[in-house]
Undergrad: 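Handing you a structure now.
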Amino acid sequence: QAQRELPLDRNTQYEIASIKVTGTATYNEGTVIAFTGLRVGEKLYLPGEKLSNVIKKLWDLELFSDINLYVTGLDGIKVDLRLDIQEVPELNEVKVRGIKEKKAAPFIKDNGLNKGAKVTENLITTTDNYIENYYRKKGYFNSKVIVNTIDTPDSIAGNKVNMVISVDKGERVKIDEIIFEGNEKLSDKKLRKAMKKTKERNPLRIWKRSKYIKADYELDKVAIIDKYKEKGFRDARIISDTIIKTEDDRISLKLNVEEGNKYYIGDIKFIGNTVYSDAQLAAKIGLTRGDVYNGIVLKERIEQPGDPDADDLANLYQNSGYLFSNINPVEVNVANDTIDFEIRIQEGKLAYFNKITIKGNDKTKDHVIYRELRTRPGQQYSKQAVVTTIRELGRLGFFDPEQLTPEFKNVDQNNGTLDLEYNVVEQGASQIELQGGFGGGGFVGTLGLSFNNFSIQNIFNKDAYQPLPMGDGQKFSLRAQASQLFQTYSVSLTEPWFGGRKPVQLSASFSHTVQFLFNRTPGQRGFDVDRDRRFLITGGSLGLAKRLTWPDRNFTLSHAISFQHFDLRNYNTGLFTFGNGSSENLAYTIGLSRDNTFTNPIFPLGGSKFSITAKVTPPYSLWNGVDYEQLDGERQQAVLNGDQTEIGIIDQKRFDWLEFYKIKFNGTWYTRLYDKLVLQSNLEFGWLGAYNQNRGVPPFERFFLGGDGLGGFSLDGREVIRLRGYPNQSVTPLDRVNNSALTSNDGATIYNKFSLELRYPISFNPQATIYALTFVEGGSTYDNFRDYNPFQLNRSAGAGIRIFMPAFGLLGLDFGYGFDPIPGLTSPNGWETHFIIGQQF
Amino acid sequence: CSTYQETLKSDDIGAKYALADSLYDIGKYKKSLKLWEQIVPVYRGRPQAERVMYKYSDTYYQLGDYYLAGYNFERFVKSYPKSTKREDAAFKSAQSYYKLSPRYNLDQGDTQRAMDKLQEFINSYPESVQIPVANDMVAELGTKIEKKEFEIAKMYNKIAVSQFTYPAAIKSMDNFLSDFPGSEFKEDALFYRLDSAYKFAIGSRRDLVTERLEAAKQYHETLIKYFPSGKYNEEATEMITDINERLAEAIN
């Protein structure tokens, strides 16, 4: 293109006579001119600020690869302008060579290499760097990436290019040898061990492959120095380090260290402390004269910024109101190999919280959050209280725990006050369960809704439906399950602060179940549901649970009243002696539990859990005037006669209103043995008794021991207790002589169980917590205390694995070997496989 | 309806504009919005844009999407400083933000913004006929924020039964009274401060009771000074009688 020099004067204002846009294919000329803001008739300097701004504005769009502005005509002060722009080509297709398509997909996604993307220089460079860095990080030190663009002639679509990315990741660079020089006090082996990521080549090491990654190597060099510091070599340093290329894909590292002298701690003096005595502070530091000078430990005892729970000096002050405290260790004297310290403390003024605010709650109401806070206006500042509050807010489940942040505001050192603002981000707290499947002889459909932050008081307020009444911190769930054979409906509500004054949890639930029997026609597949033969359970419960402050805050006391109505019609299954009739179960349950297990609820590292509960019914036989002794006599006669009808009639009288008491104890202890290896010891005991021995223990509410312990579909309030190594519900009382069909499966009234389980975590990944376990356990059931013998156990041992995924809950698989015969067998029960599903930790 | 669908799919901007405008005029905002959304980017920078932008913003306003209405009206005001609709748009923008203000016991970030925007309107158009309405809205939002703060402070008094948060209640009431000296909740705040201080005192360790009763007595005096015959008179009198009795006992 031939260019003429036009005689333009810098100091003359020119007037635009015309503007033309050339070069663009997709943008309308008017659009471009409108964007530049230049108008015909406008006056401007050439060249001048206005024009450069226009060009900059165009560049900033990142839509053009070339922008030129020409003056095409000059007539006096009138100028003709021509804007020539080259559009950045659009991406048509990406081809990645040298790696598999599947591997390439994330690169394409992460760099936004979609069809139609603008292919700028920047895009090409970042893509190139991105892929190269990706492979460098994985140890492909020699990776090479070339990004080419190829014009694709397309007269309709205009400016398009194909992108070809050639990846040569090269060989993974391995480290042949790590050579240390100058080390006398610590062996090569020790130093190599200190390097956590940078390892020598070793075919036996599977988990940590040898690779050279610069960033990791730098960290490992610091780790070496830290190792020396731990041993008292305060002055240790790495003088030089060299990378030696031995082969194309092999390097050796050579590190030259200077160890220096080993130092010991001399006097530690505290200066400026008024709140805590020297002795108290010295106890916290835990280092005394003559100890090896361990720089790492000393630093940690004073302050560990990464750990809010650390038991260090800084937190001692921070947790007792001294927000402005400042602690500084100073080496005051180095004599030979002994260092004297002064720990200089500026305590500062005591700080008190002034205003406490919450920001970001657009669903959850203020009082639901404020009542949970451990930091309150006027209270003395405590770092621990802030940390605990954050954790407890996270546990509510209403907010994203990752985004909960405390923010100190208006920190006033003179008055000793600060405001605290908690930033919260609401998260979906509702779950919907909708599933269908085949089981129990037909299609089973389940619909469950669970709302974690419900507002029941707004249930009739139509303005509150956005989309649901939320924000009062209540838990509300609805569940319906139905198949041809049964239907279950349940509703439950939990209010954590009943009445708003005390943290007393109120829970109410209601459920209704119908179960039908079926007729099987011989010779035909399938069955007919017989709706005339059914079993109906309707019930509800109301409970209060209160967290106690005495003896400590880990105790919970709970009360509940429950009622169940059982109604049987032509339901002769052997489960009950009467096929027609009804039973009412009105009971009061009181429970005391304590739980101080810590860190991870799925995999506790320590602490214990125990609970003791008593469930009692009113002693009707005291006042209802029925002569149960006579009834018992009649029943024994009927049993002798084998008169099932008569037994049924008598049992209906005995169990019209259920009368029993049930006491249960469950204790679990977690002991950390080594690293993350945890021993879980568990002790369980249960006892179902009758007030009136003639009336007897009802066939409901009994204990069934053995197998995976999954409740399944329990009709009669039975308690299914896990005992691995035996089939489900198979461990009947050993002393039971009359193991007739009638009594074989009616459950026991007493049981105990002991178990020891060793657990080791494989993964703490938030997507899936996995741990392996091995166990020995034993348990047995009894019909009465005459037979009770806690040493006469059905023993078993085995191993298994548990996987916890937030979306699915807990899944597990256990293999157990039963050493004892189950009733009816003479040889050991042998191996059993158990699948475990559900929230049983 | 088929003409609507056809127009929606066609490339004829003029037809789209005409239809959107007529739908807007007869109040079919949902349908007209779909068309505006297509037209707006095309008209940007053209002379007709002013009219298009106003109607587009107002469609959101009419549909109750106050978030986008507020934003778009605000943009309109900035883009067309000479428009005759400017005052109207500014008011509707502020009013949209007002409507976004949530109930008192949720985060009041939007309320604060609405108050700022309304104040901006009041300052920019002191002659507007909407000033009384805007003032009312500001007052209402102010009361809402006061109610929030008061209710939180009152909650500390309420849960103190189990949590012993009386000091927090006293402190929060103090802060409330100094932050909102002319609040309509002043009487309640003064009373609940007295109530908290009184209950705090009688629940305290023996050697601290007298000192804390004296503090409660001070709070009673303040309450009586401002509201000599207020709605809490009966309860307050009961408290001060007991306080005086206890103080007299302590001296003897």
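Owing to the predicted nature of the structure, the values given are computational and were not obtained by experimental measurement. Lettering follows sequence order; numbering is per chain, from 1.
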Undergrad: Using a 6.0 Å cut-off, check whether atom NZ of B:Lys34 has over 12 heavy atoms from anything other than its own residue.
TA: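 Open.
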Undergrad: Looking at A:Lys502 and B:Val161, what are the two nearest heavy atoms and their distance?
TA: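 That closest heavy-atom pairing would be CE-CG1, 3.9 Å.
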Undergrad: Against chain A, label B:Asp179 side chain, backbone, both or neither, depending on which of its atoms sit under 4.5 Å from a heavy atom there.
TA: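 The side chain, not the backbone.
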Undergrad: Can you establish whether the number of heavy atoms outside B:Tyr71 located under 6.0 Å from its atom OH is more than 12?
TA: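 No, OH of B:Tyr71 has 12 or fewer neighbouring heavy atoms, counting only those of other groups under 6.0 Å.
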Undergrad: For B:Arg51, is the CZ atom crowded, meaning more than 12 foreign heavy atoms sit under 6.0 Å from it?
TA: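 Not buried by this count: 12 neighbours or fewer within 6.0 Å.
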Undergrad: What distance separates A:Arg371 CZ from B:Ser162 OG, expressed to the nearest 0.5 Å?
TA: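 Output value for this atom pair is 10.5 Å.
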Undergrad: Heavy-atom pairs under 4.5 Å with chain B: which of A:His367, A:Lys365, A:Arg376 has the most?
TA: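 Option with the greatest count: A:Lys365.
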Undergrad: Once rounded to the nearest 0.5 Å, what's the spacing between atom CG of A:Asp463 and atom CZ of B:Arg103?
TA: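 If we round to the nearest 0.5 Å, A:Asp463:CG and B:Arg103:CZ are 10.0 Å apart.
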Undergrad: Could you tell me which non-hydrogen atom of B:Lys171 sits nearest to which non-hydrogen atom of A:Gly378, and how far apart they are?
TA: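 Here B:Lys171 and A:Gly378 meet closest at CG-N, 3.5 Å.
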Undergrad: Can you tell which part of B:Ile152 gets under 4.5 Å to a heavy atom of chain A, answering side chain, backbone, both or neither?
TA: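 Contact with chain A is through the side chain of B:Ile152 alone.
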Undergrad: I'd like to know whether CZ of A:Phe408 has more than 12 heavy-atom contacts from other residues, nucleotides or ligands below 6.0 angstrom.
TA: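 Yes.
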Undergrad: I need the B:Asp107 CG to A:Asn423 CG distance, nearest 0.5 Å.
TA: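 Rounded to the nearest 0.5 Å, the CG-CG separation comes out at 9.0 Å.
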Undergrad: Check whether B:Tyr156 gets within reach of chain A through its side chain, its backbone, both or neither, counting any heavy atom under 4.5 Å.
TA: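 The answer is the side chain of B:Tyr156.
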Undergrad: Just so I know, are the side chains of B:Ser172 and A:Lys355 near enough to count as touching, which here means a heavy-atom distance under 4.5 Å?
TA: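 Heavy-atom side-chain distance check fails, nothing below 4.5 Å.
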Undergrad: Taking atom CZ as the centre, does A:Phe498 end up with more than 12 heavy-atom neighbours from other residues, nucleotides or ligands that are less than 6.0 angstrom away?
TA: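 Not buried by this count: 12 neighbours or fewer within 6.0 Å.
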Undergrad: Which one of B:Lys148, B:Glu151, B:Glu149 has the most heavy-atom pairs closer than 4.5 Å to chain A?
TA: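 Answer, by heavy-atom pair count under 4.5 Å with chain A: B:Lys148.
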Undergrad: For atom OH of A:Tyr465, is the number of surrounding heavy atoms from other residues, nucleotides or ligands below 6.0 Å larger than 12?
TA: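 Atom OH in A:Tyr465 is packed in, count exceeds 12.
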Undergrad: Please assess A:Tyr370 against B:Ile159 for the test side chain to side chain contact (heavy atoms under 4.5 Å, CB included), listing each intermediate value before the final yes or no.
TA: CA-CA 10 Å; A:Tyr370 279 90; B:Ile159 64 167; over 6 Å; no
Undergrad: Would you mind telling me which of A:Ile356, A:Thr364, A:Thr357, A:Asp366 has the largest number of heavy-atom pairs within less than 4.5 Å of chain B?
TA: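 The candidate making the most pairs under 4.5 Å is A:Asp366.
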Undergrad: Counting only non-hydrogen atoms closer than 4.5 Å, does B:Pro102 touch chain A with its backbone (N, CA, C, O), its side chain (CB onward), both, or neither?
TA: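 Contact with chain A involves no heavy atom of B:Pro102 at all.
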Undergrad: Just wondering, are more than 12 heavy atoms of other shown residues or ligands nearer than 6.0 Å to NZ in A:Lys57?
TA: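 Buried by this count: over 12 neighbours within 6.0 Å.
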Undergrad: Within a 6.0 Å radius of atom NZ on B:Lys231, are there more than 12 heavy atoms belonging to other residues, nucleotides or ligands?
TA: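 Yes, NZ of B:Lys231 has more than 12 neighbouring heavy atoms, counting only those of other groups under 6.0 Å.
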Undergrad: Can you tell me which portion of A:Asn361 sits under 4.5 Å from chain B's heavy atoms? Options are side chain, backbone, both or neither.
TA: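 Both parts, heavy atoms under 4.5 Å.
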